[in-house]
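Structure record follows, encoded as structure tokens.
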Amino acid sequence: MAIPDRSDSLRMADIECVNPGIARGRFRSVLFDFDGTLSLIRQGWREIMVPMMVETLGECRTGETEARLSRVVSDFVDRLTGKQTIYQMIRLAEEVRARGGAPPDPVAYKHRYHERLNGHIRDRIQGLRSGVAEAKDLMVPGSLDLLRNLERRGLTLYLASGTDEVYVKEEADLLGLTPFFEDRVYGALDRYEDFSKERVIRDLIASQGIEGGELLGFGDGYVEIENVKSAGGMAVGVASDEARRRGVNAWKRERLIQAGADLIIPDFRCQETLVGYLLDA
């Protein structure tokens, strides 16, 4: 079912059309974010990162309240979500230094964060490895159906995440997603200057010989939406409620619209209607 073009935001079958003037029907390549867009393995990561950073800044003993520090941290964590984790840690080091502290290398902060996050998700990973947990319960609903639909229509799929590449590849494999992306899975590198989603987009456009308007992107964070739009592509904002696995996360929705998302969806239960709208124009 096609979504009528109207100037106001329109919802039909859980699809909100923010930009009715988008060009549809000519996409050849699709870029996906990972965490929060397809995978829910790391659901709750923000609730690990923000308190860790607030705790670190509190050690500077500037007299700032925990609420004040939480606002400062939340602001830069959210603005940098989608970029490599190290950039959030670099900013943390800058905030420590601004408060008179002597921060370690940001990599040390990243290791501290990963230790806490890995403890948080350990049971999920072990459950997938052992077969106790089902992959479908740790993915945004409808993810596999969407990937199958896009693959069947001949589009080339890419996966790019700000999470370290070693984790992205392992978790994509555990969820059964690797066959859809093959060797087109990208994540953060130790040499962080050598990776960005913007660079992945630039390289895929060159390697596939496509124009920006032939690129479609899906993401739940500011960075990937902005990068896809900057390249001339169309961006679908996935405002997923990661905890409930149903409905729109209002905070994500607002951020995604600010970043330039053309469509907003809560998950991929509407994927058949969505793909028809995007590709059958």
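- A cation-pi arrangement, defined by a distance under 6.0 Å to the six-membered ring centre and an angle within 45 degrees of its axis, is present between R42 and Y167.
- Qualifying salt bridge (Lys or Arg N to Asp or Glu O under 4.0 Å) partners for R116, counting only residues two or more places apart in sequence or in other chains: E55.
- When all heavy atoms of R153 and L279 are compared, the closest pair comes out as CD-CD1, 3.3 Å.
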Run the numbers on E64 and T62 for side-chain hydrogen bond (donor to acceptor under 3.5 Å, both in side chains), then give the verdict.
CA-CA 6 Å; E64 294 168 281; T62 59; 2.6 Å; yes
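- Under the 30°/60° scheme for interplanar angles, the aromatic rings of F268 and F32 are found to stand perpendicular.
- When atom types are taken as modelled, the side chain of T37 and the backbone of D220 share a donor-acceptor pair closer than 3.5 angstrom.
- Rounding to the nearest 0.5 angstrom, the gap separating the CZ atom in R24 from the CG atom in L216 is 12.0 Å.
- Here the CG atom belonging to L174 is positioned 6.0 Å from the CD1 atom belonging to I41, to the nearest 0.5 angstrom.
- Not a single ring-ring contact (aromatic ring centres under 6.0 Å, His included) links F180 to another residue, sequence neighbours left out.
- One N or O on the side chain of R184 and one on the backbone of L157 form a donor-acceptor pair closer than 3.5 Å.
- Looking at heavy atoms from C-beta onward, V223 lies out of side-chain contact with D33 at the 4.5 angstrom threshold.
- Between E242 and K252 there is a salt bridge, with a side-chain nitrogen of the basic residue lying less than 4.0 Å from a carboxylate oxygen of the acidic one.
- Taking 4.0 Å as the cut-off between side-chain N and carboxylate O, D145 and R269 do not count as a salt-bridged pair.
- For the atom pair CG of D241 and CG of D267, the computed distance is 9.5 Å after rounding to the nearest 0.5 Å.
- One finds no salt bridge joining R91 and D75 here, because no Lys/Arg side-chain nitrogen approaches an Asp/Glu carboxylate oxygen to under 4.0 Å.
- Summarising the geometry of S240 relative to V140, their closest heavy-atom pair is CB-CG2, 4.4 Å, with the distance given to 0.1 Å.
- Distance alone, capped at 3.5 Å, places no donor-acceptor pair between the R99 side chain and the L57 backbone.
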